[in-house]
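Just so we're clear, the structure is a prediction, and the values are computed from it rather than from any experiment.
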Protein chains: 2
Amino acid sequence: MSDAANSRPTLAGVAARAGVSASTASLVFSGAGPVADATRARVLEAAAALGYAGPDPTARSLRRGRTGVVGVVTEDRLGDAFRDPINLALLDGLGEELADEGFGLLVLPWAPDSAVELAAVPMDAAILLGCSADLASSVERLRRRRIPLVAIEAPPLGDVVPIELDNADATRRGAELLRALGHEQIALVTLPLDVARTRAPLTPQREAASTAFTASERIRGARAVFPDAGGVSAGGSTVSEGYAAGRALLDVPATERPTAVIAQSDLLAIGVIRAAEELGIDVPEELSVLGFDGIRLQGLTAHDLTTLVQPAVEKGRAAGRAVREALAGDLPAPVALTSELRRGATVARSPIE
Amino acid sequence: MSDAANSRPTLAGVAARAGVSASTASLVFSGAGPVADATRARVLEAAAALGYAGPDPTARSLRRGRTGVVGVVTEDRLGDAFRDPINLALLDGLGEELADEGFGLLVLPWAPDSAVELAAVPMDAAILLGCSADLASSVERLRRRRIPLVAIEAPPLGDVVPIELDNADATRRGAELLRALGHEQIALVTLPLDVARTRAPLTPQREAASTAFTASERIRGARAVFPDAGGVSAGGSTVSEGYAAGRALLDVPATERPTAVIAQSDLLAIGVIRAAEELGIDVPEELSVLGFDGIRLQGLTAHDLTTLVQPAVEKGRAAGRAVREALAGDLPAPVALTSELRRGATVARSPIE
DNA sequence: CGATTCGATCGAATCGATTCGATCCGGCCG
DNA sequence: CGGCCGGATCGAATCGATTCGATCGAATCG
């Protein structure tokens, strides 16, 4: 019949049918401003009759200047970003502070050649999750758009609120424990050094070229104690990568073998331990293994890992709070979180004396 | 100086500075329509001078009627949704079909009392992930907004494109294997039956009241073979919930013990096996355990589980494709996926003969 | 009883772009 | 040389709401 029937109903249509102005109808839905009960009823009735589902979010966003969406930018592939339990914990924290407050989280996997142009995504703020400097130009455009940015464990970026972790210092403390136990032959198993995620021995060149902030910081902390430690970079924070790295490092003559491994994540550490077990190397008697994160893994027997426990949920909460503060017009203070060394059962005195 | 300096620059401002109309400037950024090279250069120059970051996504969304965002609705808490490896695989599939095509994925944890009103979220389409009928009213509003909806493993909902899995039939096939092996005493360990996620023995009442589609379907499949099987519902698809369920079912006199457990997920199955190990019950000699999903778990020793392998990544791909088809104006065909029984090492003949 | 106030409602401007049809102009064809 | 064509550009309408200031009665107050 009327062509109002087949095109999506609008606020204007509802207002017309209710015999009020669009402004009044808007008041009914937004709840702001006083509306007589009778009027409200008439508007709602008209809305129901027309099948109006409420104000169009897009139009509302334009007018209000708010979308209710917060972007979470990661350089991982979609699924991989959440395969790391540390990110799940972080997500729990973000959920508390943002999702529970009505924000939607827009997950944006970013790659240099990605199809998503970050600056073209409708969002109120963005959280950069372990992002490298490769993002700089995208970040620049987001800043131009006056979008508040919060970066978790990222190199200092002007105007971006940092949520920092004591990666270097914590690793240093772990390394000092190993030194105190007499270890001198140390090998590092690091997180990926760049987006290419090449699994390969560490070299000064590769380290210098690293774009991965967290990995570099943790290397730095280890080097503060063991300046000459070698090692390998893994292709990801997974048990199997840790295992592969472990094989590479440990499947050598006993004299060339490290007496301790500093792994940059618990998953990597577990992989290394598995490799050691397979090679008949006893942990911790013949090999000490240090992890990082302090995760509890779905269904994994407690390894009682010696590790640096980071406040992952709090990291997410802090980021979420920072976003909310920024959106409220305040300037969020930078946050620096600290990790704690948990002495488990995977380190012991060096077998070499 | 000029107040154009402190307020965010707009396309109109850029156009004015470049001495062209807004329409032409728009053409430059959108790439549609012919623009003389000299003009383009002038516009880009003006944009750079003003610090214009490109068209405002919100305004563009309103005009174009597209946001580039696809919602993913889950009834889990944010982090929990991705703690289940099956959802990670699904996310991989979604990533391939959507994220890689430039769509952003907006994760929307939904709860009956949630702060997010789904119909008020700016998005082009939504994917319902294992959602119960509680969502019905929200879904209804989304439909009014003419938003294409795709539901993964959900009860048939008018006008929603279903991506189905043969939950009942696959479970039935698994159950038949157990029967063929002589099992008669069967216990089920089910996924949560409702949003409350109560861990409790199955009763006809609780089963009837279940709002969890997948759980109900799998129960139905099992009951097709073992009409009287009892069991417990778990509080989540986790190893520890499986363990708890396992203790509850197995820590009884041997004569009352089931000879086989049908777990509704691999994580639950692993938990049950762990409970059995702890109680000194041999799997599979004294207890057969059947899983569902066919996942490979980070760092978990291969249990060589007998399980129903579901095409999880394909589920995500199918959903992503359906969304894209719907947005292209086509009517996506329903998809029905099938699972495959993988005979591992956790089932054997019934010890009772 | 007149002035003031308050609640309800309305008009019009605005958010920032996109897009369609019209216009302008230089070059080409007959 | 006139008419035509097509590329480049422009104007104006539009997307669908929100919001500010104005208006209009009715109730309150002195």
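When heavy atoms are screened at a 4.0 angstrom cut-off, S26(A) is found touching base atoms of the nucleic acid. Looking at heavy-atom distances under 4.0 Å, S23(A) makes contact with a base. Note on G13(A): nothing from the nucleic acid sits closer than 4.0 angstrom, heavy atoms only.
Here the side chain of D124(B) pairs no donor or acceptor atom with the backbone of V70(B) at under 3.5 angstrom. Checked by atom type and distance alone, the side chain of S30(A) pairs as donor or acceptor with a backbone atom of S26(A) at under 3.5 Å. Counting only distance, with no hydrogens or angles, the side chain of R141(B) and the backbone of A53(A) share no donor-acceptor pair below 3.5 Å. Here the side chain of E75(B) pairs a donor or acceptor atom with the backbone of S132(B) at under 3.5 angstrom. Counting only distance, with no hydrogens or angles, the side chain of R317(B) and the backbone of E96(B) share no donor-acceptor pair below 3.5 Å. Using modelled atom types, no side-chain atom of R77(A) and backbone atom of G95(B) make a donor-acceptor pair closer than 3.5 Å. Judged by distance alone, with hydrogens and angles left aside, the side-chain atoms of N87(A) form no donor-acceptor pair with the main-chain N or O of F82(A) at under 3.5 Å.
Between F103(A) and R324(A) the shortest heavy-atom distance is CE1-CG, 4.0 Å.
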Legend entry - Stepwise side-chain contact (heavy atoms from CB on, under 4.5 Å) test for V14(B) and V43(B): CA-CA 7 Å; V14(B) 172; V43(B) 170; 4.0 Å; yes

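Protein chain A contacts DNA chain C from dA8(C) to dG16(C), reading 5' to 3' and using non-hydrogen atoms of the protein with a distance under 4.0 Å.
Screening L149(B), L105(B), L98(B) for a side-chain contact (heavy atoms from CB on, under 4.5 Å) involving I127(B) leaves a single residue, L98(B).
Counting only Watson-Crick or G-U wobble pairs whose defining distances are both under 3.5 Å, the stems of 3 or more consecutive pairs in DNA chain D are C:1-30 with D:1-30.
Position along DNA chain D of the nearest nucleotide to L62(B) versus A25(B) favours A25(B) as the more 5'-ward residue.
Interface residues of residues 29-42 of chain B facing DNA chain D, ordered by number: P34(B), V35(B), A36(B), T39(B); criterion, heavy-atom separation under 4.0 Å.
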